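Okay, so here's the structure we're looking at.
Please read these numbers as outputs of a predicted model, since none were measured by experiment.
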Amino acid sequence: MDQRFTIIRGQAVLEDAQHQKRAIFVLLALLPMSLAIAGALWDERAHLGITNWRSACRASGLSLASLLTFTWELLPTAIIGMLLGGLVVQCIGLRARDRGHARACLAAHAGCALAMPLGLVLCALAFPASVTLVTEGALAVAIALGLTHASVVVRRRTSHGA
């Protein structure tokens, strides 16, 4: 287990490497969503993509079919950004798998993938965009950290024979 000591106010404090990696988990979980937001802003600037998307989803009734159809048609750059972000997270996990980052990348990818459908529904409703973004981001990070913590607990239990 990778541990080290840090001197804080004259006292040695043990730091666990797992806690140091949490910032990386947060950034990885937010990367696909950040690129999707950048793409959505591009779509908004190019052809009022977000505005038209929200109006169309509300007018047709909130359903899975309307969400998917209107997202595909009105926010194509947002979809490209989301897919590119997911690909980057997976490439980082593949590249850094020997340093133990593969689980973090998988957890970040799963957190984002599980939080994004909720974000689409929230965005189509009358909630302000800032509330939607904060909620979706917090949910993605919480899921990623939960999955990472669960994998660490399972790994420790199996390594101790319990």
For the [atom1] atom of [X] and the [atom2] atom of [Y], what is their distance to the nearest 0.5 Å?
X	Y	atom1	atom2	value
Leu31	Cys112	CG	SG	8.5 Å
Ile92	Leu94	CD1	CG	11.0 Å
Leu67	Ser60	CG	OG	8.0 Å

Over all heavy atoms of both residues, which pair between [X] and [Y] is shortest? Give the atoms and the distance, please.
X	Y	value
Ala108	Ala29	CB-N, 3.5 Å
Ala115	Ile143	N-CD1, 4.4 Å
Ile50	Ala40	CD1-O, 3.5 Å

* **Of all pairs that satisfy side chain to side chain donor-acceptor pair (under 3.5 Å), the ones with a partner from residues 35-47, not counting sequence neighbours** =>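 Passing the test, one end in residues 35-47: Asp43-Thr77, Glu44-Thr51.
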With clusters defined by side-chain heavy atoms of hydrophobic residues (ILVMFWY) lying less than 4.5 Å apart, directly or transitively, does [Y] cluster with [X]?
X	Y	result
Met116	Leu106	no
Leu87	Leu114	no
Leu35	Leu28	yes
Ile80	Val88	no
Leu74	Val121	yes

* Asked: By side-chain hydrogen bond (donor to acceptor under 3.5 Å, both in side chains), which residues pair with Thr71, not counting sequence neighbours?
  ->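 So Thr71 forms a side-chain hydrogen bond (donor to acceptor under 3.5 Å, both in side chains) with Trp53.
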* Structure fact -> Ser63 meets the side-chain hydrogen bond (donor to acceptor under 3.5 Å, both in side chains) criterion, sequence neighbours left out, with Ser66
* **Set of residues satisfying side chain to side chain contact (heavy atoms under 4.5 Å, CB included) with respect to Glu73, sequence neighbours excluded** =>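 Side chain to side chain contact (heavy atoms under 4.5 Å, CB included) list for Glu73, sorted by chain: Thr69, Phe70.
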* Structure fact -> Taken in chain and number order and not counting sequence neighbours, the residues that satisfy side chain to side chain contact (heavy atoms under 4.5 Å, CB included) with Leu118 are Leu122, Leu139
Quiz: residues 124-138 side-chain donor-acceptor pairs under 3.5 angstrom, not counting sequence neighbours:
| unit_1 | atom_1 | unit_2 | atom_2 | d |
| --- | --- | --- | --- | --- |
| Thr132 | OG1 | Pro128 | O | 3.2 |
| Thr135 | OG1 | Val131 | O | 2.7 |

